[in-house]
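Computed from heavy atoms alone, side chains included, the values below leave out hydrogens, waters and symmetry copies. Treat the numbers as computed from the prediction; the structure is a model and nothing was measured.
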Amino acid sequence: MWKNVGRSAFWFGSGSMLFVSSSFSRDVNFSPIKILCHFGVVTLVLAFFKDSIPQRQNTEQVRSFQFTEEDVLWVGRAVLPIANSLISMSRVIFSGDPSMTLKVFPVLLFGAKYGHLFTVWRLLATGFFGCFTLPRLYSCYSSHIHEKVEGLNARILNAWKSCPRKKLVAAAAVTTFWNLVSVKTRVMAAFVSAVALRYHYQYGRSSRNSEGVIQRQEQQQAMVLED
């Protein structure tokens with residue numbers, strides 16, 4: 001949030017220099033297999049030189065390293081809460097609820113389409129610059145952004161309400177979209193439409209039921225006051 005300008009400027013400048021300098025280097029490539037291979041090469045070289053240096057006591061026995069039950073239990077205690085939180089989060093995301101499906105499905109489609117562009121290094125750079133810029137910008141311009149969004153939504157709703165032929169325009173838009181896109185996009189659009197219809201049916205009926213309950217309660221209170 002840039003509350004301490006000096007410290008934030010130092011870390012932001014250091015990180016920016018690191019990411020910018022690495023972007024011009026072709027040798028920097030964060031691949032898990034590459035990192036493991038480099039680590040194995042360094043370990044192998046160190047082990048070779050250690051074995052080549054003559055030891056003072058040749059009769060020294062090699063120490064054996066083995067996992068014990070306590071180590072396994074310690075790892076299980078450390079990993080189990082994280083695994084349980086991931087499982088509970090995945091159950092909520094993939095529960096089949098219409099509102100959650102409408103939120104997650106576009107993100108998954110975008111990741112499936114353009115996931116190859118998001119490398120580990122790009123994700124780190126995006127997260128770094130986003131942490132230093134987005135919270136501060138949102139805190140400064142959040143009210144202005146909300147006003148612009150509300151004004152745009154009001155304009156769109158007014159234009160749609162003032163349109164005399166809504167059904168014709170909607171049918172033309174759907175027909176044009178259906179003819180221009182591929183079969184895969186049609187299937188995805190049909191799935192999103194089905195989810196949206198179920199969301200409207202489910203939450204619309206629940207909202208109407210809640211409104212009916214509130215009206216009945218108000219009527220009962222009015223009758224009690226009249227008595």
Side-chain angles (χ1 to χ4, degrees), residues 29-33 79 81-131 133-135 137-139 141-217:
N29 187 11
F30 280 91
S31 175
I33 299 176
V79 175
I82 301 175
N84 288 331
S85 62
L86 291 176
I87 292 172
S88 61
M89 186 183 299
S90 62
R91 291 182 63 183
V92 172
I93 293 174
F94 299 100
S95 61
D97 184 69
S99 60
M100 183 60 67
T101 304
L102 290 175
K103 294 176 183 178
V104 178
F105 189 70
V107 179
L108 295 179
L109 281 182
F110 184 81
K113 182 69 174 179
Y114 303 102
H116 62 282
L117 300 176
F118 297 98
T119 59
V120 177
W121 189 253
R122 290 178 181 176
L123 289 175
L124 290 175
T126 305
F128 175 79
F129 289 107
C131 289
T133 55
L134 293 180
L137 292 175
Y138 182 78
S139 63
Y141 301 102
S142 59
S143 59
H144 185 67
I145 292 172
H146 286 301
E147 290 178 359
K148 291 292 184 181
V149 171
E150 290 178 357
L152 182 61
N153 290 333
R155 290 180 182 178
I156 294 173
L157 290 175
N158 291 331
W160 179 252
K161 290 179 181 179
S162 61
C163 181
R165 300 179 179 178
K166 298 182 180 63
K167 296 182 180 180
L168 181 61
V169 173
V174 171
T175 305
T176 305
F177 175 79
W178 192 264
N179 291 327
L180 292 178
V181 298
S182 60
V183 179
K184 181 180 178 181
T185 309
R186 294 176 184 177
V187 174
M188 298 302 166
F191 175 75
V192 172
S193 301
V195 176
L197 288 175
R198 182 185 169 189
Y199 175 82
H200 178 72
Y201 176 75
Q202 181 176 348
Y203 289 92
R205 188 173 65 176
S206 62
S207 63
R208 288 193 297 269
N209 293 333
S210 61
E211 291 177 358
V213 171
I214 293 173
Q215 290 178 359
R216 285 195 296 270
Q217 290 178 356

Which pairs of donor and acceptor atoms, one on a side chain in residues 149-157, lie under 3.5 Å apart (sequence neighbours left out)?
from   : atom 1 : to     : atom 2 : distance (Å)
Asn153 : ND2    : Val149 : O      : 3.2

Could you tabulate the donor-acceptor pairs under 3.5 Å formed by side-chain atoms of residues 168-197, not counting sequence neighbours?
from   : atom 1 : to     : atom 2 : distance (Å)
Thr175 : OG1    : Ala171 : O      : 2.7
Thr176 : OG1    : Ala172 : O      : 2.8
Asn179 : ND2    : Thr175 : O      : 3.1
Ser182 : OG     : Thr185 : OG1    : 3.2
Arg186 : NE     : Trp178 : O      : 2.8
Arg186 : NH2    : Trp178 : O      : 2.8
Ser193 : OG     : Ala189 : O      : 2.8

Can you name the ring pair (Phe, Tyr, Trp, His ring centres under 6.0 Å) partners of [X], sequence neighbours left out?
X	answer
Tyr199	Tyr203
Tyr114	Phe110
Phe94	none

* Interatomic distance, Thr101 atom OG1 to Ile93 atom CD1 [nearest 0.5 angstrom] ->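 So the OG1 of Thr101 and the CD1 of Ile93 are separated by 11.0 Å.
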* Write down the atom of Gly130, the atom of Pro135, and the distance for their closest heavy-atom approach. =>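 Smallest heavy-atom distance, with atoms named: O-CD, 3.2 Å.
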* If every non-hydrogen atom of Arg198 is compared with every non-hydrogen atom of Gly96, which pair is closest and at what distance? ->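 Looking at all heavy atoms of both residues, the closest pair is NH1-O, 3.3 Å.
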* Asked: Is atom OH of Tyr141 surrounded by more than 12 heavy atoms (other residues, nucleotides or ligands) closer than 6.0 Å?
  ->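 12 or below, so no.
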* **Contacts of Val92 that satisfy side-chain contact (heavy atoms from CB on, under 4.5 Å) - sequence neighbours left out** =>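 Counting only residues at least two positions away or on another chain, Val92 forms a side-chain contact (heavy atoms from CB on, under 4.5 Å) with Met100.
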